[in-house]
**Student:** 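After the structure tokens below, expect a handful of questions from me.
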Amino acid sequence: MISYQKKKKNLVVGCGLSGAVLAERLASILDEDVLIMDKAPCLGGMIYDYKEDGIFVHKFGSHVFHTNFEYVFKYLNKFSDFIPYMHKEAALAEGNFISLPFNLNSIYNVFPKKLAERLENKLIKKYGWGEKVSILDIKTKPFFWDKDLDFLASYIYENVFIHYANKKWDRRDLDLSNVCVHVNRDDRTFNDKYQGIFKEGYTKLIENILNHKNIKILLDVNFKNIDASGFDRIFYTGSIDEFFDYKFGMLQYRSARFEISKIENEFYQKTGVVKYPNNYDFIKIHEFKHYSDAKTSNTVIAREYVSDYLQNNDTERVYPVYSKRNADIFKQYKIEAKKLKDVYFLGRLGDFKNYSMDMAAKRAFEVFENVRLKSVLEENTLFEDEQLIVK
């Protein structure tokens, strides 16, 4: 016997990728009503983009989709055509543009040929082709210690890493184990199987995901100003500390300001992103034309400036600051969240985690599956062919 259960009403707070994917799953798979809202006047969250002279400009810095999760890739491809693109970045140090991640090509970017050859030969001999070697290991492991390689590790630390990290995080007590030399010539930023850009832009991608009869969209409205008592479930992708009125303290973020400029040249730089570890106040220059097939005589860049996020100063939370203090505060909020019935937290701000786009989508899938399982258990039903059937 088929039983049609009461159609539940869901509130999703945040129109970024996490919120959009979750809303679509609730609407399509469970056939439930969804109101998705955002305090911003536009869709997309941090991946919001707009078109200028045929170029998609990413308002909050470069976003290149990459993943090894085939199901995430296939899901998003249902809503937009995909353009393969292999992202590359560089850093400006001592007047040289250095390939990133730092690899054998990078060595030849900055050192005389004879020294570069010697460093290359030593790296391959000691560690092997294709290895990723921490500069901390190079400097501290006696068995592998070598004067030339020690010099190389110090060069990377001083010219590529530490000043950039200090500008981005305003601190120097950072984990060096992730600062590496790649013993290869692969200049790609990502090694994932699927890499590229959505042809119509990210805002259009979100719009397409949310184009469902069961979904209603409410923009330019703050969650704090609405009565959410009529909803069966709430999915919150905003900052978890703000949801609880900062009762355990404020989680720390770094904010970013993007100074966007139109340049009357076909291209401004050779790669989509160039980092500036040592020069100028900005940390990166993004050039969005690299992510487009636009044929124009001009280009659009954005200089990225990073500072502390301060409440009520019209800035955005961009980079979560990982520290023991923040971990302890977040843990208290997670404990508090578990006390709430049918309220779920997810996304970069809800989970206090710097998600890539594929991980944001994956997290939304995980939350949805938990909700679906809970719904099945509550109704004592079996899930079959996307219908809820009671024995």
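This chain uses plain numbering: 1 for the first residue, then up along the sequence.
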**Student:** Parallel, tilted or perpendicular: which one describes the rings of F82 and F73, with boundaries at 30° and 60°?
**Tutor:** perpendicular
**Student:** Think K270 forms a cation-pi with F97, using NZ or CZ under 6.0 Å from the six-ring centre and within 45 degrees of its axis?
**Tutor:** no
**Student:** Quick check on salt bridge (Lys or Arg N to Asp or Glu O under 4.0 Å): which of K247, R317, K224 does E242 satisfy it with?
**Tutor:** R317
**Student:** Could you check if a side-chain atom of F79 sits within less than 4.5 angstrom of a side-chain atom of V21, using non-hydrogen atoms only?
**Tutor:** no
**Student:** Distance only, no hydrogens: is a donor on one side chain within 3.5 Å (strictly under) of an acceptor on the other, for D49 and T203?
**Tutor:** yes
**Student:** I'd like to know whether NZ of K59 has more than 12 heavy-atom contacts from other residues, nucleotides or ligands below 6.0 angstrom.
**Tutor:** no
**Student:** Between S106 and N109, is there a side-chain donor-acceptor contact under 3.5 Å, judged purely by atom types and distance?
**Tutor:** no
**Student:** Ring pair (Phe, Tyr, Trp, His ring centres under 6.0 Å): which pairs involve residues 118-141, sequence neighbours left out?
**Tutor:** Y127-F144
**Student:** Looking at Y355, does the NZ or CZ of R348 lie under 6.0 angstrom from its six-membered ring centre and within 45 degrees of the ring axis?
**Tutor:** no
**Student:** Ignoring hydrogens and geometry beyond distance, is a side-chain donor-acceptor pair present between Q195 and H87 at under 3.5 Å?
**Tutor:** no
**Student:** Can you find a heavy atom in the side chain of V343 that is under 4.5 Å from one in the side chain of F243?
**Tutor:** yes
**Student:** Do S99 and K88 have a side chain donor and acceptor closer than 3.5 Å?
**Tutor:** no
**Student:** Using the side-chain contact (heavy atoms from CB on, under 4.5 Å) rule, pick out the option among L100, I98, V160 that qualifies with K275.
**Tutor:** L100
**Student:** Under the criterion side chain to side chain donor-acceptor pair (under 3.5 Å), I'd like the reasoning laid out for N159 against N278: C-alpha separation, chi angles, the key distance, then a yes or no.
**Tutor:** CA-CA 7 Å; N159 290 281; N278 313 303; 4.6 Å; no
**Student:** Heavy-atom distance under 4.5 Å between the side chains of F198 and M357, does that happen here?
**Tutor:** no
**Student:** Test F111 against Y155 for ring pair (Phe, Tyr, Trp, His ring centres under 6.0 Å), laying out the working first.
**Tutor:** CA-CA 11 Å; F111 298 124; Y155 181 91; 5.0 Å; yes
**Student:** Could you go through the ring pair (Phe, Tyr, Trp, His ring centres under 6.0 Å) check for Y71 and F365 one step at a time?
**Tutor:** CA-CA 10 Å; Y71 72 95; F365 278 118; 5.6 Å; yes
**Student:** Over 60° means perpendicular and under 30° means parallel, so classify the ring planes of Y253 and F352, tilted if in between.
**Tutor:** perpendicular
**Student:** Begin with the C-alpha distance, continue with both residues' side-chain angles, and end with the deciding distance and a verdict on ring pair (Phe, Tyr, Trp, His ring centres under 6.0 Å) for Y291 and Y202.
**Tutor:** CA-CA 12 Å; Y291 318 137; Y202 293 109; 9.1 Å; no
**Student:** Does atom CG of D281 have more than 12 heavy-atom neighbours, drawn from other residues, nucleotides or ligands, at distances under 6.0 Å?
**Tutor:** no
**Student:** Ignoring hydrogens and geometry beyond distance, is a side-chain donor-acceptor pair present between D31 and N214 at under 3.5 Å?
**Tutor:** yes
**Student:** Rounded at 0.5 Å granularity, tell me how far CG in N298 sits from CD in E52.
**Tutor:** 8.0 Å
**Student:** With clusters defined by side-chain heavy atoms of hydrophobic residues (ILVMFWY) lying less than 4.5 Å apart, directly or transitively, does I301 cluster with Y48?
**Tutor:** no
**Student:** Between the side chains of E131 and K126, is the shortest nitrogen-to-carboxylate-oxygen separation below 4.0 Å, so that they form an ion pair?
**Tutor:** no
**Student:** Please verify the inter-ring angle class for Y280 with Y276; under 30° counts as parallel, over 60° as perpendicular, anything in between as tilted.
**Tutor:** perpendicular
**Student:** Quick check: closest heavy atoms across I285 and Q269, and the distance to 0.1 Å?
**Tutor:** O-NE2, 2.9 Å
**Student:** Is the closest basic N to carboxylate O distance between K114 and E117 below 4.0 Å?
**Tutor:** no
**Student:** So do the side chains of Y194 and D358 get within less than 4.5 Å of each other, counting heavy atoms only?
**Tutor:** no
**Student:** Start with the C-alpha distance between K284 and E89, add both sets of side-chain angles, then the distance that settles salt bridge (Lys or Arg N to Asp or Glu O under 4.0 Å), and finish with yes or no.
**Tutor:** CA-CA 10 Å; K284 298 178 187 175; E89 298 187 358; 5.4 Å; no
**Student:** Kindly indicate whether the side chain of I107, heavy atoms from C-beta on, has any atom under 4.5 Å from the side chain of F102.
**Tutor:** yes
**Student:** Do F56 and F288 touch side chain to side chain, with heavy atoms closer than 4.5 Å?
**Tutor:** no
**Student:** Salt bridge or not between D232 and K9? Use side-chain N to carboxylate O under 4.0 Å.
**Tutor:** no
